[in-house]
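In what follows, a structure is listed as C-alpha cells, so that the remarks can point back to it.
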Amino acid sequence: MTPYYNYDISLLRRTLDACLNEAYRYGYQVHYALKANVEPVILHEISSRGFGADCVSGWEVQAAVENGFAPAKVVFAGVGKSDDEINYALEQDIFAFNCESLQELEVINELARLKDKVATIALRINPDVNPDTHRYIATGQKESKFGISYTEVNEALDKLQALSNLRVAGIHFHIGSQILDMSSFAELAHRAGEISDWFFERGVAIEHLNMGGGLGVDYLEPEKNPIPDFAAYFKVFDDNLRLRPSQKVHFELGRSLVAQCCELRTKVLITKRTGGGANFIIVDAGMTELIRPALYQAHHKIVNLSAEGECRPAERYYIGGPICESSDIFARDIEFPHTERGDILAIKSVGAYGSTMASNYNMRPLAKAVF
Ligand SMILES: *Cc1c(COP(=O)(O)O)cnc(C)c1O
C-alpha cells in the first residue's frame with residue numbers, strides 16, 4: 001500500500017494549540033493557509049479550533065467553507081483571480097479580498113457592483129523585504145510578481161476614491177516561506193507600521209494589518225523540533241509593530257502548522273550502483289508525492305524504518321523515486337544505514353506542500369492518507 005502519507009494527529013493538535021496560545025496572548029487572528037494541506041480531516045481539526053482560512057483560489061475558498069471555516073474569517077489572495085472565483089467569494093461574503101494589482105481593484109469593484117454588494121478588501125503591498133530563503137519561495141522583493149509595489153500605492157488610493165463598491169479595510173503582506181531568521185519579520189513589522197501611518201495621514205483608517213505567513217520549520221531535525229517557535233515569532237511582531245487603537249493583526253500560517261505532522265512512507269524497490277560509483281536507493285514514492293526537493297532543492301530528513309533497532313553499517317546513498325525525470329531525487333550522497341529491497345523508509349516533514357502539490361504524472365494514482 002506504499003507510498004502513503006502517514007499523519008500524526010496528536011502532533012497536529014499540539015502544534016495548533018501552541019500557535020493559538022501564543023497568538024491569543026496578543027489578540028492576533030491566525031488564518032490557516034489552505035494551500036499547504038487540504039485533507040478534510042486536517043481542515044476540520046484546524047477549523048474547529050477557530051482558525052480563519054487563507055485561500056489562494058476560489059476552490060480553496062469553497063474547500064474552506066465546506067470544511068467548517070466561517071466565511072467571515074476567510075481571506076482570498078492571489079495574483080490572478082478569475083471572475084468565477086471572485087463571484088463565488090462575493091456570494092460567500094468573505095472577510096477580505098487581498099488585492100494584488102490596480103486592475104484587480106477595478107475588476108472586483110465591477111463584479112461587486114453587479115451583485116449590488118460592497119467588497120471588503122486589503123491591499124497586498126510588496127514591502128521590498130528580502131528574506132533569507134530559496135528564491136522560488138521568496139515573494140516580497142521588488143521584482144516579485146506578487147502584490148502592489150510601493151510606488152503604486154498613491155495611484156491605488158486615487159483609484160479607490162472612484163470605486164464605490166470596494167471598502168479598504170486592511171493592508172496585507174507576505175514576504176515568502178520557510179523563514180527562520182526573525183529579523184526579516186522584524187523588518188516587515190516596521191514597514192507595515194510605516195505603511196499604515198501613511199494611509200492614516202491620507203484619511204484611510206486601516207482596520208487590520210495582515211502579516212501573511214512564512215514561519216519556517218526544522219527540516220533537518222524534525223524529531224528534536226516538532227513544534228515551531230510560535231512564541232518567538234509572535235513576540236517579534238508585538239515588539240516591532242506599532243499599532244493604533246482598534247487595529248487588529250492577522251497572520252496566514254501554512255507550513256508551520258502542518259509540515260511536521262506527516263511523513264511519507266515508501267518502499268525500496270531497487271538498490272544499485274551506477275557506473276560512476278554512486279550507490280542508489282530507488283523507492284516507490286517520487287516527485288509525484290513530494291515535489292519540493294525537485295522544485296526548490298528542499299531538504300527532507302529520511303529514515304529507514306526497517307533498520308530501526310538493528311545495527312546496520314552506515315553507507316553513502318542517493319535516494320530517488322521511480323519517475324522518469326533526472327530531478328526526481330530526494331537526497332544526494334547522504335550517510336544512511338545499509339538498505340535493502342523491501343525496506344520501508346519515512347520521508348519526514350511532508351505535511352505542508354506534499355499532497356497538495358501531488359500529480360499523477362506517469363499515470364500514477366494519488367497516494368492515500370492514513371491518520
Ligand atoms: C503561501 C501563502 C501563505 C502561507 O505561507 P507559509 O509559508 O506556508 O506559512 C500565506 N499567505 C499567502 C498570501 C500565501 O501565498
Side-chain angles (χ1 to χ4, degrees), residues 12 15-16 19 23 28-38 42-43 46 51-61 64 69 73-81 85 89 94-101 104 121-127 129 131-141 144-148 170-182 184-185 188 192 208-219 227-230 233-234 236-237 249-262 292 295-296 298 349-357:
L12 172 67
T15 306
L16 296 174
C19 176
Y28 294 162
Q29 165 79 54
V30 181
H31 302 258
Y32 166 62
L34 264 81
K35 74 177 188 286
N37 191 307
V38 290
I42 303 295
L43 294 183
I46 300 174
F51 282 86
D54 164 48
C55 304
V56 291
S57 76
W59 298 276
E60 283 190 1
V61 174
F69 291 93
K73 289 184 182 175
V74 171
V75 295
F76 182 11
V79 66
K81 306 174 180 78
E85 292 172 279
I94 62 166
F95 176 69
F97 290 85
N98 292 338
C99 295
E100 307 217 11
S101 66
E104 187 187 338
I121 64 152
L123 292 171
R124 175 167 181 176
I125 298 168
N126 192 325
V129 171
D132 179 21
T133 189
H134 193 277
R135 64 194 170 89
Y136 282 9
I137 53 175
T139 57
Q141 329 92 299
S144 160
K145 75 173 177 177
F146 297 102
I148 296 169
I171 47 179
H172 171 233
F173 308 89
H174 175 64
I175 57 173
S177 203
Q178 185 52 20
I179 298 168
L180 292 166
D181 174 11
M182 292 296 138
S184 298
F185 293 122
L188 166 63
H208 76 264
L209 291 82
N210 184 334
M211 300 292 114
L215 176 62
V217 301
D218 192 344
Y219 282 107
I227 300 181
D229 192 351
F230 295 110
Y233 174 68
F234 290 121
V236 165
F237 290 94
V249 185
H250 293 239
F251 292 86
E252 302 167 337
L253 295 176
R255 185 190 310 273
S256 52
L257 296 176
V258 295
Q260 302 290 32
C261 74
C262 181
R292 299 187 67 257
L295 191 58
Y296 13 74
S349 320
V350 304
Y353 309 108
S355 58
T356 50
M357 286 189 169

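Counting starts at 1 for both ligands and their atoms, following the listed order. Numbering starts at 1 and runs along the sequence shown. As a basis for the values below, the full set of heavy atoms in this structure was taken, side chains included, without hydrogen atoms, waters or symmetry mates. Here the structure is a predicted model, which means the values were calculated and not measured.
- Annotation for ligand 1: atoms under 4.0 Å from non-hydrogen atoms of R124 are 13 (C).
- Near A33, meaning under 4.0 Å from any of its heavy atoms, are these atoms of ligand 1: 3 (C), 4 (C).
- If you number the atoms of ligand 1 from 1 as listed, the ones under 4.0 Å from a heavy atom of G213 come out as 9 (O), 10 (C).
- Using a 4.0 angstrom heavy-atom cutoff, Y353 counts as in contact with ligand 1.
- In terms of modelled atom types and a separation under 3.5 Å, the side chain of T356 and the main chain of K35 share a donor-acceptor contact.
- Backbone and side-chain nitrogen or oxygen atoms of Q178 are examined, and none is located within less than 3.5 angstrom of a nitrogen or oxygen of ligand 1.
- Distance from atom 5 (O) of ligand 1 to its nearest protein heavy atom, with residue and atom name: H174 CE1, 3.4 Å.
- The minimum heavy-atom distance between A96 and A122, with the atom names listed, is CB-N, 4.4 Å.
- Counting heavy atoms from C-beta outward, M211 and Y28 have side chains that stay 4.5 Å or more apart.
- Tested against N98 for a side chain to side chain donor-acceptor pair (under 3.5 Å), the candidates R124, E252, K81 yield a single pass: E252.
- The backbone N or O of F76 lies less than 3.5 Å from no partner atom in the side chain of E60, so there is not a single donor-acceptor pair.
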Verify side chain to side chain donor-acceptor pair (under 3.5 Å) between H208 and Q29, making sure each step is shown before the conclusion.
-> CA-CA 10 Å; H208 76 264; Q29 165 79 54; over 6 Å; no
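- Checking side-chain atoms of T15 against main-chain N and O of I227 turns up no donor-acceptor pair under 3.5 Å.
- The shortest N/O to N/O separation between D54 and ligand 1 falls below 3.5 Å.
- Looking from atom 11 (N) of ligand 1 to the surrounding protein, the closest heavy atom is E252 OE1, 2.6 Å.
- Under a 4.0 Å criterion applied to the non-hydrogen atoms of S177, ligand 1 contributes the atoms 6 (P), 7 (O), 8 (O).
- In this structure, atom 14 (C) of ligand 1 lies nearest to the protein heavy atom K35 NZ, 2.8 Å.
- Residue G214 holds the heavy atom nearest to atom 6 (P) of ligand 1 of all those in P228, G147, G214, A352.
- Taking the six-membered ring where tryptophan is involved, the planes of Y233 and F185 are perpendicular, since the angle between them exceeds 60° and thus also 30°.
- Where the criterion is an N or O separation shorter than 3.5 Å, residue side chain and backbone included, G254 meets it with respect to ligand 1.
- Side chain of H174 to backbone of G213: a donor-acceptor contact under 3.5 angstrom is found.
- The contact set between ligand 1 and R255, taken as ligand atoms under 4.0 Å from a residue heavy atom, comprises 6 (P), 8 (O), 9 (O).
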